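Read the structure below first, then the notes.
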Amino acid sequence: HHPPERVWALLVDPVAWNRWSPWYARDPEMKITYDGAPSGVGARWHWESKSEGHGQMQIVAATEPRHLDYVISFDTHGQAVGRFVLEKIDTGTRLTWRFQSDAGWNPVARWFGLLLESWVAPDFEQGLRNINRILTRPPQAASPSS
């Protein structure tokens with residue numbers, strides 16, 4: 001139902017993540033700062049949250065409107081790589097959100113990586129539902145001017 005370009009706009013702009021990411025919804029007091037590019041490759045944002053921890057994300061690759069890669073760094077738990085893949089299909093866009101952490105050979109880090117992936121899977125599903133909900137919502141009518 002949604003063309004890739006509309007979906008893309010919610011992914012490539014870090015500020016737009018506030019509208020659909022379940023992490024921001026869980027902590028309205030989250031402190032977010034942005035630097036680097038305003039969108040696309042080089043866009044970077046940092047967050048501090050009592051419930052969601054601290055870390056940063058950066059968009060590292062973007063081919064509009066086909067895929068977007070980012071690196072997410074967690075406070076003391078290393079980093080992971082995420083990727084959105086957009087495929088145009090007859091009914092609109094198939095959006096896939098992938099996540100990969102490299103825990104190396106350290107057994108504790110590998111255990112944490114598996115635990116982290118089990119934690120984020122429901123969040124990814126919620127985020128994808130939120131994107132669909134935002135794109136399905138009818139456009140706001142213009143307010144009459146006084």
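Computed from a predicted model, the values in this text were never measured in an experiment. One is the number of the first residue; the rest follow in order along the sequence.
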Inset, instruction - Any chance you could lay out the side-chain contact (heavy atoms from CB on, under 4.5 Å) test for R66 and L86, step after step, and finish with the verdict? - result: CA-CA 5 Å; R66 295 190 331 219; L86 296 86; 5.7 Å; no

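Between the NE2 atom of H54 and the CE atom of M30 there is a distance of 10.0 Å, given to the nearest 0.5 Å. With rounding to the nearest 0.5 angstrom, the CD1 atom of I131 is 4.5 Å from the CH2 atom of W20. With rounding to the nearest 0.5 angstrom, the CD atom of Q56 is 13.5 Å from the OH atom of Y70. Of the inter-residue distances, the one linking H67 atom NE2 with L95 atom CG reads 13.5 Å to the nearest 0.5 angstrom.
The salt bridge (charged side-chain N to carboxylate O under 4.0 Å, His left out) search around R83 returns D69, not counting sequence neighbours. The ring-ring contact (aromatic ring centres under 6.0 Å, His included) search around W47 returns none, not counting sequence neighbours. In this view, T96 and V85, E87, R94, R98 satisfy the side chain to side chain contact (heavy atoms under 4.5 Å, CB included) rule, not counting sequence neighbours. In this structure, the side-chain hydrogen bond (donor to acceptor under 3.5 Å, both in side chains) partners of R26, at least two apart in sequence or on a different chain, are E52, D123.
E125 is listed as a side-chain neighbour of R129, based on a closest heavy-atom distance under 4.5 Å.
Under the 4.5 Å side-chain contact rule for hydrophobic residues, V41 and V60 do not share a cluster.
Without hydrogens or angle criteria, S73 side chain to G55 main chain gives no donor-acceptor distance under 3.5 Å.
Classification of the W17-F84 ring pair by plane angle, with boundaries at 30° and 60°, yields perpendicular.
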Exercise answer: donor-acceptor pairs, residues 3-14 side-chain atoms, under 3.5 Å, sequence neighbours excluded:
unit_1, atom_1, unit_2, atom_2, d
R6, NH1, L135, O, 3.4
R6, NH2, L135, O, 3.3
D13, OD1, V15, N, 3.0

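Counting only residues at least two apart or in different chains, salt bridge (charged side-chain N to carboxylate O under 4.0 Å, His left out) contacts with residues 30-41 comprise D35-R44.
Here the closest heavy-atom approach between residue G42 and residue Q58 is recorded as CA-NE2, 3.9 Å. When all heavy atoms of G127 and W97 are compared, the closest pair comes out as CA-CZ3, 4.2 Å.
In summary, the aromatic rings of W23 and W45 are positioned with their centroids too far apart to meet the 6.0 Å limit.
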